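See below for the structure under consideration.
What you are looking at is a predicted structure, and each value in this text was computed from that prediction instead of being measured. Reckoned from all heavy atoms, side chains included, excluding hydrogens, waters and symmetry mates.
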Amino acid sequence: MAATALHLGFPTESACPFESAFRILTACCFPSANSALAAPAVSAREATRLLASAEHHRVVPALNVAIPSCRTSTNPIRLRAMNHAWRALQLTAELARIAHHFEQHGIEFLAHKGPVLGQLLYGNPALRQFGDLDLLVRPQHVERSVMALVQLGYEPRIRLSGRQETSYIRSGYEYAFCRNSDPAPLELHWRMVPRFFSIRFDIAALFDRSRLVKLDNSTVRTLGNEDLLLALCVHAAKHEWAQLGMLRDIFTLSQFELDWNWILPEARKLGILKIVQASVATAHVLASPKSPTPIKADTMLSGVGALVVQIIENLQKDHEPDTDSIGYFRRQIRIRERWSDRVRFVTRLATTPSIEEWKIVQISDRFSGLYHLVRASRLLKRFLNGTRRLWIR
């Protein structure tokens, strides 16, 4: 598919009236498209303020590389980047240890995000900011994977009964693990997002289309490039595109030689075409309004342009979404293009018990069906409280 220029109503000389700090971060993330801003001079006072914003957007490595003045040993940006590089080295070695252990137990997994994405996109795990490891396994291998991780010294952060675990594997998508004093070094996934999001990636097909990536002295499997783009777009949308680092990853991957004639129909089939269009369009607008995009402007779904504007406005404010709020779920529903997915989202969200319900009320497995009522009542209470606050305003 030929790349075409994308016009969404932004001025040609800049994507939007960025704040100065955000302009610097954007230039650091997309230096080739923003050559005039690729190496700005930054004072010590500005460095502290920039670092706080870069931490939020998870782009400290990009900031450190792009600004020469950061390279003094006492610069706070340089120190933070060095700490991250050490952390990336540790997690890369740990991923190799896990890969070897899983191979011994005959467990297939895909390394997702983390060091493998840094290696794939930037040629070095330390050049992408991350804080944990993400593994994707087949749903039928979750139990074996949990046991294998426990053998390596990991502990699940939640404890579930037999019935709860069965229900959680059916409706959830991840287990978080901790090891020693590290709060959350690893997440084990068997879906890309929770079931109530109504985005059904074919996990078996993801494994079939996976690819090998060399990581130091080991080799691990990860998502194929086209599947990876879809997954990164969905992950960014799940977090309301709150971090510039997510869009940096999407833009960088979009510059690879991808099969857009497969990506876009697959996105439509999954019901995430609006999400993919908004993600790719935002990334390209941030990089340069004049840069070509693989998505034709005249094929954009209704509302994509307005969504891009809103994403960029939120990015400038270092917006952090409250993923437990009613407003968050409303916005997640609005970005879906199919009414059937919206209805499934609402229905599953309202009726699927979560870990929070299991923590609040202890019900024996024999009467576990009552958790559906607990879930519905909690959401109803939250909705009424949110409505009351709106009336008070």
Gap separating the [atom1] atom of [X] from the [atom2] atom of [Y], nearest 0.5 angstrom:
X: L253; Y: E226; atom1: CG; atom2: CD; answer: 8.5 Å
X: L230; Y: K269; atom1: CG; atom2: NZ; answer: 10.5 Å
X: Q151; Y: H101; atom1: CD; atom2: NE2; answer: 4.0 Å
X: L25; Y: L286; atom1: CG; atom2: CG; answer: 11.0 Å
X: I77; Y: E55; atom1: CD1; atom2: CD; answer: 10.0 Å
X: H56; Y: L51; atom1: NE2; atom2: CG; answer: 13.5 Å

Within a reach of under 6.0 Å around [atom1] of [X], are more than 12 heavy atoms found that belong to other residues, nucleotides or ligands?
X: E143; atom1: CD; result: no
X: R268; atom1: CZ; result: no
X: N217; atom1: CG; result: no

Task: Cation over ring face, R248 and Y122, 6.0 Å, 45° - done: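 Judged by the rule (NZ or CZ under 6.0 Å from the ring centre, within 45° of its axis), R248 counts as positioned above Y122.
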- [ ] Would you kindly check if the NZ (Lys) or CZ (Arg) of R138 is within the cone defined by 45 degrees around the ring axis of F207 and under 6.0 Å from the six-membered ring centre?
- [x]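 Yes, a cation-pi geometry holds between R138 and F207.
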Is the closest side-chain heavy-atom distance between [X] and [Y] below 4.5 Å?
X: F102; Y: S145; answer: yes
X: L186; Y: Y175; answer: no
X: Y328; Y: D322; answer: no
X: L223; Y: S210; answer: no
X: F197; Y: Y173; answer: no
X: L315; Y: W241; answer: no
X: H84; Y: P61; answer: yes
X: W260; Y: W262; answer: no

When you measure from the side chain of [X] to the backbone of [Y], do you find a donor-acceptor pair of N or O atoms at a distance under 3.5 Å?
X: Q129; Y: V59; result: yes
X: E337; Y: L273; result: yes
X: R209; Y: N225; result: no
X: R348; Y: R195; result: yes
X: R128; Y: R58; result: no
X: R179; Y: G153; result: no
X: R87; Y: G131; result: yes

- [ ] Kindly say whether the aromatic ring centers of F22 and H57 come within a distance under 6.0 Å.
- [x]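 Yes, ring centres under 6.0 Å apart.
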Task: Residue from R331, Q332, Q310 passing side chain to side chain donor-acceptor pair (under 3.5 Å) with E240 - done: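 Output: one option passes, namely R331.
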If two hydrophobic side chains count as joined below 4.5 Å and joins carry through other members, does [X] share a cluster with [Y]?
X: L270; Y: V343; answer: no
X: F109; Y: F130; answer: yes
X: M147; Y: I107; answer: no
X: I199; Y: M246; answer: no
X: L133; Y: F177; answer: yes

TODO: Check the pair L188, V146 against side-chain contact (heavy atoms from CB on, under 4.5 Å), reporting the backbone distance first and the verdict last.
DONE: CA-CA 8 Å; L188 180 72; V146 170; 4.0 Å; yes
TODO: Let me see the working for Q119 and T92 under side-chain contact (heavy atoms from CB on, under 4.5 Å), right down to the final yes or no.
DONE: CA-CA 10 Å; Q119 179 67 38; T92 300; over 6 Å; no
Using every non-hydrogen atom in the two residues, find where [X] and [Y] come nearest and quote the distance to one decimal.
X: R191; Y: L136; value: N-CD1, 4.1 Å
X: L91; Y: P185; value: CD2-O, 4.5 Å
X: P115; Y: L215; value: O-CD1, 3.9 Å
X: I275; Y: R336; value: CD1-CD, 4.1 Å
X: H239; Y: P321; value: O-CG, 3.5 Å
X: T299; Y: K296; value: OG1-O, 2.7 Å

- [ ] Go through S218 and H100 one step at a time and tell me if the side-chain contact (heavy atoms from CB on, under 4.5 Å) criterion holds.
- [x] CA-CA 9 Å; S218 64; H100 178 69; over 6 Å; no
TODO: Under the side-chain contact (heavy atoms from CB on, under 4.5 Å) rule, what do E313 and V309 come out as? Steps first, then yes or no, please.
DONE: CA-CA 6 Å; E313 288 179 356; V309 173; 3.7 Å; yes
TODO: Only counting residues at least two apart or in another chain, list the ones meeting salt bridge (Lys or Arg N to Asp or Glu O under 4.0 Å) with R97.
DONE: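 Testing R97 for salt bridge (Lys or Arg N to Asp or Glu O under 4.0 Å), a comparison that skips the adjacent residues, returns E94.
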Task: Remaining members of the apolar cluster that contains L89, side-chain heavy atoms under 4.5 Å - done: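 L89 clusters with W86.
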Task: Parallel, tilted or perpendicular: rings of F251 and H284 (30°, 60°) - done: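 Because their plane-to-plane angle is over 60°, the rings of H284 and F251 count as perpendicular.
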